[in-house]
Amino acid sequence: MLIFKTVNELSRYLQTLKRAGRRIGFVPTMGALHAGHLSLVKTALGENDFCIVSIFVNPAQFNDPADLNRYPRTFERDLELLLSEGCHALFFPEVEEIYPAHLDIRVDVSFGFLFQTMEALHRPGHFEGVVKAVKRLLDIVEPHNLYMGQKDYQQFLIVQRMIEALHLPVRLVLCPTVREPDGLALSSRNQLLSPQEREAARQISRTLFQAAEKLKQGLPLDSIRAESVNDLKKEPLLQPEYFEIANAVTLRPLQEAETTGGIIICTAVKAGTVRLIDNVMIA
Ligand code: AMP
């Protein structure tokens, strides 16, 4: 596996590949890799000639410095996992490579309601940081295909909107959420959970799946929301921040009589001091 630390080296190498007609699949990550990330890598390997993963813990998207400081960093293990998947290249830049002082990275896109709900409200500045990093990484890698997980569904919609608005020549692929056997969505932050918090965190996906069932049965939206928040609060170690049943395209709260292409149920829950997000989509 090739490892690139600088933009120049990487660009030069990728240009040669592109001139030779190779298709490039790109998986941006913040490292501390797990089977969720690797499922994206597998899909990218299956659909492209060349798969490149980036590991960049993006300071711009952390609204809480303590969260940035304790974000897990497991580089040696990440390398082993990528090697065993057969990933072709890793981009592992320093912050200065992504945000050089002379470069003013602006993403002049209006995200509308996507920037006014759920994660955007609870993590001010977070998505501004995400779009800045993703735009810069796309400018550097210029992949044919970009792979992102449903686990971060709002992030996916925002990146989709950016790609459309800026006419970026990349195809965005949404990959399903990979879960632990008890339903907990895999997340790098799961390693920060105490055994008791880990046990309590099972309730997050359970509540989401139960809400999806109730929705299919036609129960009123307000009572589903209220019961779900109550179910989460029954676990003393869990503190729900939001629980939203929304239109899967606009993220606007679902209305009772709404007939729509898709519904997404999203939640953010603190387990102790660890903030976890998850969602379930209903077609
Ligand atoms: P992160 O390293 O958390 O920034 O995630 C990098 C990419 O992996 C994002 O597109 C995430 O949505 C995706 N991802 C994270 N966890 C999972 C999961 N459990 N299943 C599928 N994709 C995931």
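What's counted below: heavy atoms across the whole structure, side chains too, no hydrogens, waters or symmetry copies. In each ligand, atom 1 is the first atom listed, and ligand 1 is the first ligand listed.
Near M148, meaning under 4.0 Å from one of its heavy atoms, ligand 1 places the atoms 10 (O). Close approach to M30 involves these atoms of ligand 1, each under 4.0 Å from a residue heavy atom: 1 (P), 2 (O), 4 (O). Those atoms of ligand 1 with a heavy atom of P176 less than 4.0 angstrom away are 20 (N), 21 (C). If you number the atoms of ligand 1 from 1 as listed, the ones under 4.0 Å from a heavy atom of L186 come out as 16 (N), 17 (C), 18 (C), 19 (N).
Applying the side chain to side chain contact (heavy atoms under 4.5 Å, CB included) test to A200 and every residue at least two apart in sequence or in another chain returns E235, L237, L238.
Electrostatic pairing of E47 and R171 counts as a salt bridge here, judged by a charged N lying under 4.0 Å from a carboxylate O.
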Would you be so kind as to tabulate the donor-acceptor pairs closer than 3.5 Å made by side chains of residues 36-44, with sequence neighbours excluded?
from: H37; atom 1: ND1; to: H34; atom 2: N; distance (Å): 3.0
from: S39; atom 1: OG; to: G36; atom 2: O; distance (Å): 2.7
from: T43; atom 1: OG1; to: S39; atom 2: O; distance (Å): 2.9

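The protein heavy-atom contact nearest to atom 20 (N) of ligand 1 is V178 N, 2.8 Å. H37 NE2, 3.4 Å is the protein heavy atom nearest to atom 5 (O) of ligand 1. Of the protein's heavy atoms, Y71 OH, 3.9 Å lies nearest to atom 3 (O) of ligand 1.
The closest approach between a heavy atom of H34 and any atom of ligand 1 is below 4.0 Å.
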Are F62 and Y71 close enough, and set up right, to give a ring-ring contact (aromatic ring centres under 6.0 Å, His included), and what steps lead you there? CA-CA 10 Å; F62 284 82; Y71 197 82; 5.6 Å; yes
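In this comparison of G149, P28, S187, G36, the heavy atom closest to atom 6 (C) of ligand 1 sits on P28. In the candidate list L40, V159, T29, T177, L40 is nearest to atom 22 (N) of ligand 1, counting heavy atoms.
Residues P28 and L146 share a closest heavy-atom pair of CD-CD1, 3.5 Å.
Hydrophobic clustering (side-chain heavy atoms under 4.5 Å, transitive across Ile, Leu, Val, Met, Phe, Trp, Tyr) groups F56 together with M148.
A salt bridge (charged side-chain N to carboxylate O under 4.0 Å, His left out) with D278 is found for one member of R202, K151, R179, R189 and no other, namely R179.
In this structure, a donor-acceptor pair under 3.5 Å is present between the side chains of N279 and Q150.
At least one N/O-N/O distance between D152 and ligand 1 falls below 3.5 Å.
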